[in-house]
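Side chains are part of it too, since the values below use all heavy atoms of this structure and drop only hydrogens, waters and symmetry mates. Lettering follows sequence order; numbering is per chain, from 1.
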There are 2 protein chains.
Amino acid sequence: MATLKEIAREAGVSVSTVSLVVNGKPCVSQDKRQRVIEIIRARKYVPNYAARALRKRHAARTYAIGVLTPAPLIAFSSSSHVYRIIAGAEQAVKQKKYHLVLGSLEPLAEGIFHLPRMLEAGEVDGILIISTAALEMEKIVGSVASFSTPVVLCGYPGQDFNLPSVLIDNEKAAYEATLALLKSGYPKVATITGPLSYPSAAARLRGYRLALVENGLFPDETLVEEGDFSELSGAEAMKRLLRHLTPPFGVFVAGDFMAKGALNVLAASGVRVPEQAGVFGFDDVEYVVQSTKPALSSVRAPWEEVGRQAVSYLLALPSSGTAPPTIMLPCELKVRGSSNPNGGGSC
Amino acid sequence: MATLKEIAREAGVSVSTVSLVVNGKPCVSQDKRQRVIEIIRARKYVPNYAARALRKRHAARTYAIGVLTPAPLIAFSSSSHVYRIIAGAEQAVKQKKYHLVLGSLEPLAEGIFHLPRMLEAGEVDGILIISTAALEMEKIVGSVASFSTPVVLCGYPGQDFNLPSVLIDNEKAAYEATLALLKSGYPKVATITGPLSYPSAAARLRGYRLALVENGLFPDETLVEEGDFSELSGAEAMKRLLRHLTPPFGVFVAGDFMAKGALNVLAASGVRVPEQAGVFGFDDVEYVVQSTKPALSSVRAPWEEVGRQAVSYLLALPSSGTAPPTIMLPCELKVRGSSNPNGGGSC
DNA sequence: CTGAAAGCGCTTACAG
DNA sequence: CTGAAAGCGCTTACAG
């Protein structure tokens, strides 16, 4: 690899001049510039990144944003929000000539995580932490906070870590999905929740209740059943609901897999969807919503946009310590056959 | 940020001694080592990566592997092999304390690509290039070849670029899928191909033909129809096939979306699957194979393993220039209801 | 417009 | 076992 010095010698100029040319500074005469550029081409000179960074000291950027996932990527299903956030973030960094660096947490033991090297040596200009609905973030956030690298948390709202965050608004989405069921004409609406120890599951339940109350319906606790996001748990929750519940009714289900289980039970029980019962899921998992009959209405979270906004926050982060803002992005309702008795339930 | 020199002054030792401690070299007395470590802790010293890399010159590793995708991630569907290769690669680099750096190609104009900075400045120790079935790789491979960074190509076999490659064996997989249809008892087997200008589509056709010939069947060109991987094109190709084809027969379809279209046409034409016709897809797209009735048999490529093998090749790459090897990984047959007349086609 | 020189933070022979 | 010193490749005031 050629160095500045070698180029300078060959061109018969000083290293300063070569440096100026390389960095596109204007104050170099035409002929010298020309000569230097030719030699750079011929020798395939590439600036030494490390030397440059060293010289520019702390002003030096790495032009990299780290993405910290709560587990190795292989652990996530292809429909996971993790991939969608990464795709959005990549789109956003690209325009600014940044790269994404992937690092993942490896749980070693109870609450002990192996942190990727990325976090330690100031190798990135900012870190985007992806959280899951369930993840305990205390340890991680604690470790990260001791570094000076800017951080932004992406994912589901949970405990307040006093970190800049881009989150999706679970409560509002649940509120709107429940409202949609009521508006579709179902006189009462039940819900199947996720594990209520998860902040996001609790938030979805709050949104559901709010919609009922605002419409003059008294929240009836026999209409609330808890699942664990699995298809089986959704089926069992639906069976329990059917003990008290007679059609017509709506069910807001806090996850698409559970909703699929619920639909199966309704079909087996002879309850016609959407005529006698409307079902609304959550997460808009492509291969679930397309595989049910009728197609499942669901809540779609804007995860790509979460990634994009997190990056633009990191890249614009002022060095002054302003209070960490929290952005809550709204979700979109995808109304399909399962909750739409007026639109022809066959599609 | 504290520097070695500051730590040395505070500890009353020379910078050499601090450097030795930081790098875990043994030849330092216990008490000095102790003192230095304490001060490093207290001052939260972090070694300057750039200085280290600069000093170690070319021996310095970046501990990063670049992943070059043929387009921004946002352009790929969640079922894309791109995500699966990345997940496998991440798993592999993790064990060696490496990171993955994401970079993507942006087609600017006809054959002109904007190359990510990652490729230019020796910022990574190796580059994993992901190709698609259709991608023209000439330009990219040419640009990359002029750098000294080791490269490995991942994806579908195509033109021979004389690069180390980890590919999936399309031909063999097509051969096996066709054979499976014959073994299931379908006396003749047709095929719906992808665009035959794609090397991978052509390879799948070769595999199909080989299976026929080996079983004493004369390749009949009226049994070959070309599609473009879309569901619609699969439906139309199936319609064309049905002009000459009477049950029982099998169809090897070179893509799951086309297979779905074909299944729809068979159902509409009153041909029962798998009793009268067997269908085998390709790619094992989760939300397609699960949504058809009966469930679609398909070929599953080991993309995670492709990523893993590519990384282990890059990390073990000898500096001497041996001929670039090419690894062809076999695919797995996922036999489901659509091609299995004996297993009860209802599942 | 151009060159000589200092120095970024670190590692590494080289003496002691 | 320990320290003084050179130098990695670059940028940047500073003189001219």
Peer 1: Whole angstroms only, please: what is the CD1-C1' distance between B:Ile7 and C:dG9?
Peer 2: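 Between C1' of C:dG9 and CD1 of B:Ile7: 12 Å.
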Peer 1: With rounding to the nearest 0.5 Å, note down the distance linking CD in B:Glu10 to CD1 in B:Ile7.
Peer 2: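 One finds 6.5 Å between CD of B:Glu10 and CD1 of B:Ile7.
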Peer 1: D:dC10 C1' sits how many Å from A:Lys5 NZ, rounded?
Peer 2: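 One finds 11 Å between C1' of D:dC10 and NZ of A:Lys5, rounded.
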Peer 1: Centroid separation under 6.0 Å, is that true for the rings of B:His81 and B:Tyr156?
Peer 2: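 Yes.
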Peer 1: My understanding is that only residues two or more places apart in sequence, or in another chain, count here; which of them pass side-chain contact (heavy atoms from CB on, under 4.5 Å) with A:Gln91?
Peer 2: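 A:Gln91 satisfies side-chain contact (heavy atoms from CB on, under 4.5 Å) with A:Arg308, B:Ile74 only.
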Peer 1: I'd like to know if the side chain of A:Lys32 reaches the main chain of A:Val13, judged simply by a donor and an acceptor atom lying under 3.5 Å from each other, with no hydrogens or angles considered.
Peer 2: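 No.
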Peer 1: Would you say the side-chain atoms of A:His99 pair up with the backbone N or O of B:Leu102, donor to acceptor, closer than 3.5 Å?
Peer 2: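 Checking the backbone N and O of B:Leu102 against the side chain of A:His99, a donor-acceptor pair under 3.5 Å is found.
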Peer 1: Protein-nucleotides 1-5 of chain D N/O pairs closer than 3.5 Å?
Peer 2:
residue, atom, partner, partner atom, Å
D:dT2, OP1, B:Ser29, OG, 2.7
D:dT2, OP2, B:Ser29, N, 2.7
D:dT2, OP2, B:Ser29, OG, 3.4
D:dT2, O3', B:Lys32, NZ, 3.4
D:dG3, OP1, B:Lys32, NZ, 3.3
D:dG3, OP2, B:Ser14, N, 3.1
D:dG3, OP2, B:Ser14, OG, 3.2
D:dG3, OP2, B:Thr17, OG1, 2.7
D:dA4, N6, B:Ser16, OG, 2.6

Peer 1: Nearest 0.5 angstrom please: B:Leu329 CG to B:Cys154 SG, how far?
Peer 2: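 Nearest 0.5 Å value for the CG-SG distance: 9.0 Å.
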Peer 1: Send over the distance from B:Glu6 CD to C:dG7 P, rounded to a whole Å.
Peer 2: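 So the two atoms are 16 Å apart, to the nearest Å.
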Peer 1: What does the 5'-to-3' dot-bracket notation of DNA chain C look like when only Watson-Crick and G-U wobble pairs under 3.5 Å count, and pairs to other strands show as |?
Peer 2: |||.||||||||.|||
Peer 1: Is any side-chain heavy atom of A:Ile86 closer than 4.5 Å to a side-chain heavy atom of B:Tyr83?
Peer 2: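 Answer no - side chains too far apart.
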Peer 1: Counting side-chain heavy atoms from CB outward, which of D:dG9, C:dG9, D:dT12 is closest to A:Thr3?
Peer 2: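 Among the listed nucleotides, the one closest to the side chain of A:Thr3 is D:dG9.
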Peer 1: Main chain of A:Leu167, side chain of A:Ser165: is a donor-acceptor contact present, judged purely on distance under 3.5 Å?
Peer 2: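 Side chain of A:Ser165 to backbone of A:Leu167, a donor-acceptor pair under 3.5 Å: no, none is there.
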